[in-house]
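Please read these numbers as outputs of a predicted model, since none were measured by experiment.
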Amino acid sequence: MTHLWVRAEQRDNEERVGLTPEGAARLIAAGLRVTVEESSVRAIPIDGYHAAGCEIAAENSWPQAPADAIIFGLKELPDDGTPLTHRHILFGHAFKGQPVGQILLKRFRAGGGTLYDLEYLVDETGRRVAAFGYWAGFAGAAVALKCWAAQQRGEIAGPVSTYAGSQALRDELAAELAAIDAARPTALVIGALGRVGTGAADLCAAMDVAVTRWDMQETAHGGPFPEVLEHDVFLNCILARPDTPVFVPAIAKTAPRRLSVIGDIACDPDSVFSPVKVYDRTTTWAEPALRVQDIPVLDVTAIDNLPSMLPVESSQDYAGQLLPSLLTLDDLAQGVWGRAEATFDEHAKGL
């Protein structure tokens with residue numbers, strides 16, 4: 001019997017989960033065994049999983065899970081260097097040359113485990129079967145506008161937090177913008193036709209922010225892209241790939257520009273393929289803005305778990321997208337799981 005073990009998240013500001021109680025009930029009905037760890041932070045209470053028929057395990061007990069269990073979480077594992085013996089489903093951020101990702105792959109190789117990276121669960125056409133993209137774009141645009149609003153007050157953006165729902169976030173941001181005696185900023189969204197870009201553009205539109213929407217057609221010439229510097233806010237919604245052009249070169253910091261906020265929602269600063277070259281590290285919930293230039297001011301916000309600001313809505317959306325693939329876990333050699341394992345093997349073989 002296939003055994004799926006849903007672990008508690010162990011990183012700060014992470015309340016999401018990739019399986020809802022309703023989804024767990026579907027898996028159990030299909031013949032899977034489902035264990036869910038207790039969690040002190042998960043946005044969806046444990047009671048629903050218990051009622052669905054899941055086995056309940058202690059928080060963070062996954063290292064002692066049966067050897068045949070498939071461990072399912074979202075964000076990174078504790079960075080303790082231990083060999084990883086299980087099969088894991090998570091966002092590994094390990095296949096684009098990231099230094100931390102290489103360490104993770106070595107841990108899998110040392111323990112004989114396998115990484116099924118959620119970012120690389122794709123269908124026959126190469127399209128991801130599930131993504132948090134819409135809510136990443138929605139929340140990322142909101143944080144970028146908060147950074148812009150703080151600049152208008154002569155400040156730098158303060159801490160961000162979770163919200164009960166997207167309407168609460170919209171209401172708070174609308175009030176913050178209304179309190180500023182200035183016209184709304186302009187925004188350029190690159191990747192506007194994708195999930196992330198759609199979420200970003202929707203949030204901007206809800207705030208009466210004029211949005212220029214770009215996608216592959218507008219960026220196909222490969223740059224340079226002076227239009228980026230002609231907007232107040234730039235929202236990068238394209239994942240870093242080998243063929244991704246540079247949208248914001250390092251010289252943009254001192255170039256004549258209107259641009260004052262970059263929301264790098266794709267958030268891959270330590271990848272050599274990053275299209276935003278004015279910063280080198282992610283930002284945090286406690287300090288969402290990184291000031292990379294004082295005169296003229298330029299702030300970058302690049303939080304790598306933006307959907308966690310809306311943990312219930314983003315979890316429900318993502319879990320619904322992923323469930324059809326979880327229902328095929330009894331055949332890991334085929335379909336999305338077979339493709340994900342091949343991707344892992346390709347990147348780990350050279351270690």
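- When side chains are defined from C-beta on, Thr254 counts as touching Gln293, because their heavy atoms get closer than 4.5 Å.
- Under the 3.5 Å distance criterion, the side-chain polar atoms of His231 are matched with a main-chain donor or acceptor of Glu227.
- Between Ile71 and Ala65, the shortest heavy-atom contact is CD1-CB, 3.9 Å.
- Put simply, the side chain of Phe273 does not reach to within 4.5 Å of the side chain of Asp243, judged on heavy atoms.
- Inter-residue side-chain proximity for Pro324 and Val129 is flagged as unmet; no heavy-atom pair is nearer than 4.5 Å.
- Between the side chains of Glu14 and Ser308, a donor-acceptor pair is found at a separation under 3.5 Å.
- With sequence neighbours excluded, the residues satisfying salt bridge (Lys or Arg N to Asp or Glu O under 4.0 Å) with Glu76 are Arg11.
- Ring centroid separation for the pair Phe108 and His88 comes in under the 6.0 Å cut-off.
- Closest approach of Gly18 and Ala319 over heavy atoms only: O-CB, 3.4 Å.
- The distance from the CG atom of Asp12 to the CD atom of Gln10 is 11.0 Å, given to the nearest 0.5 Å.
- Listed by chain and residue number, nothing satisfies the ring-ring contact (aromatic ring centres under 6.0 Å, His included) test with His93 (two or more places apart in sequence, or in another chain).
- Proximity of Thr114 to Glu341: side-chain heavy atoms (C-beta onward) are separated by under 4.5 Å at one or more points.
- Between the Thr301 side chain and the Gly263 main chain, no donor and acceptor come within less than 3.5 Å of each other.
- Pairing each heavy atom of Gln152 with each of Ile180, the nearest pair is CB-CG2, 3.8 Å.
- By the neighbour-count criterion of 12 heavy atoms within 6.0 Å, atom CD of Glu218 is densely surrounded, having more than that number from other residues, nucleotides or ligands.
- Of the inter-residue distances, the one linking Thr282 atom OG1 with Ile303 atom CD1 reads 9.0 Å to the nearest 0.5 angstrom.
- Residues Asp317 and Trp135 have side chains that bring a donor and an acceptor to within less than 3.5 angstrom of each other.
- Looking at heavy atoms from C-beta onward, Arg339 lies in side-chain contact with Glu124 at the 4.5 angstrom threshold.
- Looking at Lys75, its side chain never comes within 3.5 Å of a backbone N or O of Gly92 through a donor-acceptor pair.
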Query - Candidate pair Asp215 and Ile238, rule side-chain contact (heavy atoms from CB on, under 4.5 Å), full reasoning - result: CA-CA 9 Å; Asp215 210 85; Ile238 296 178; over 6 Å; no

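- The side-chain heavy atoms of Tyr279 and Arg291, taken from C-beta on, include no pair separated by under 4.5 Å.
- Met309 and Val312 sit in two unconnected hydrophobic clusters of ILVMFWY residues. Membership requires side-chain heavy atoms under 4.5 Å apart, directly or through other members.
- Residue-environment remark: NE2 (His50) stays at or below the threshold of 12 foreign heavy atoms within 6.0 Å.
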Requested in this report: Tell me, with the steps shown, if Thr219 and Phe247 meet side-chain contact (heavy atoms from CB on, under 4.5 Å).
Outcome: CA-CA 9 Å; Thr219 60; Phe247 301 132; 3.9 Å; yes

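- With Arg33 contributing its side chain and Met1 its backbone, the two residues share no donor-acceptor pair below 3.5 Å.
- Side chain to side chain, Ser40 and Glu59 meet the donor-acceptor criterion of an N or O pair below 3.5 Å.
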Report task. Kindly indicate, with the supporting measurements, whether the criterion side-chain hydrogen bond (donor to acceptor under 3.5 Å, both in side chains) is fulfilled by Trp337 and Thr328. Result -> CA-CA 8 Å; Trp337 306 109; Thr328 68; 3.1 Å; yes

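- Judged purely by atom type and a 3.5 angstrom limit, Tyr49 uses its side chain to pair as donor or acceptor with the backbone of Leu19.
- A cation-pi geometry, defined here as NZ or CZ lying under 6.0 Å from the six-membered ring centre and within 45° of its normal, does not hold between Arg16 and Tyr318.
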Requested in this report: Determine, step by step, whether Gln167 and Glu172 satisfy the side-chain contact (heavy atoms from CB on, under 4.5 Å) criterion, reporting the C-alpha distance in whole Å, the side-chain angles of both residues, the deciding distance to 0.1 Å, and the verdict.
Outcome: CA-CA 9 Å; Gln167 187 61 54; Glu172 179 184 283; over 6 Å; no

With a cut-off of 3.5 Å and sequence neighbours excluded, list every side-chain donor-acceptor pair involving residues 182-202.
from: Arg184; atom 1: NE; to: Met207; atom 2: O; distance (Å): 2.9
from: Thr186; atom 1: OG1; to: Asp232; atom 2: N; distance (Å): 3.2
from: Thr186; atom 1: OG1; to: Asp232; atom 2: OD2; distance (Å): 3.2
from: Arg195; atom 1: NH2; to: Arg128; atom 2: O; distance (Å): 3.4
from: Thr198; atom 1: OG1; to: Gly194; atom 2: O; distance (Å): 2.7
from: Asp202; atom 1: OD2; to: Tyr134; atom 2: OH; distance (Å): 2.8

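- Between Ser166 and Phe138, the closest heavy-atom pair is CB-CE2, 3.9 Å.
- Leu4 and Leu84 sit in two unconnected hydrophobic clusters of ILVMFWY residues. Membership requires side-chain heavy atoms under 4.5 Å apart, directly or through other members.
- Using cut-offs of 30° and 60° on the angle between ring planes, the pair Phe95 and His347 is parallel.
- Of the charged side-chain nitrogens involved, at least one lies within less than 4.0 Å of a carboxylate oxygen, so that Glu9 and Arg7 count as a salt-bridged pair.
- Proximity of the aromatic rings of Tyr116 and Phe344 is defined here by a centroid distance below 6.0 angstrom, and this criterion is not met.
- Side-chain atoms of Trp148 and Asp299 form no donor-acceptor pair, as typed in the model, at a separation below 3.5 Å.
- For Asn13 (side chain) and Ser161 (main-chain N/O), no donor-acceptor pair under 3.5 Å exists by modelled atom type.
- Using a 4.5 Å heavy-atom cutoff, the side chains of Val248 and Asp264 are not in contact.
- Panel note: side chain Ser315, backbone Pro311; a donor-acceptor pair is recorded below 3.5 Å.
- Taking the six-membered ring for Trp and the full ring otherwise, Trp5 and His86 have centroids separated by 6.0 Å or more.
- Across all their heavy atoms, Ala142 and Leu169 have their closest contact at CB-CD2, 3.9 Å.
- Grouping the Ile, Leu, Val, Met, Phe, Trp and Tyr side chains by contacts below 4.5 angstrom, directly or via other members, places Leu173 with Leu306.
- Put simply, the side chain of Arg42 never gets that close to the backbone of Glu38: no donor and acceptor are under 3.5 Å apart.
- The number of heavy atoms from other shown groups lying within 6.0 Å of CD (Gln64) is above 12.
- Separation of atoms CG (Leu90) and CG (Leu74) is listed at 8.5 Å; rounding is to 0.5 Å.
- When hydrophobic clusters are built by joining Ile, Leu, Val, Met, Phe, Trp and Tyr residues whose side-chain heavy atoms come closer than 4.5 Å, directly or via intermediates, Val261 is grouped together with Trp285.
- In this structure the side chain of Leu145 never reaches within 4.5 angstrom of the side chain of Glu176, judged on heavy atoms.
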Requested in this report: Take Thr20 and Ile44 through the test side-chain contact (heavy atoms from CB on, under 4.5 Å) and record every step on the way to the result.
Outcome: CA-CA 8 Å; Thr20 63; Ile44 298 177; 4.1 Å; yes

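- Arg107 and Thr82 form a side-chain donor-acceptor contact under 3.5 Å, judged by distance and modelled atom types alone.
- Scanning both residues, Ala57 and Thr35, for their nearest heavy atoms gives CB-CG2, 3.7 Å.
- Under a 3.5 Å cut-off, the side chain of Gln321 and the backbone N or O of Ala131 do form a donor-acceptor pair.
- Clustering ILVMFWY residues whenever any of their side-chain heavy atoms sit less than 4.5 angstrom apart, transitively, puts Val122 in a cluster other than the one holding Phe72.
- For the atom pair CG of Leu259 and CZ of Phe234, the computed distance is 8.5 Å after rounding to the nearest 0.5 Å.
- A donor-acceptor pair is defined here as one N or O able to donate and one able to accept, closer than 3.5 Å; no such pair exists between the side chain of Ser274 and the backbone of Ser271.
- Atoms CD1 and CG, from Ile265 and Leu235 in turn, are 4.5 Å apart once rounded to the nearest 0.5 Å.
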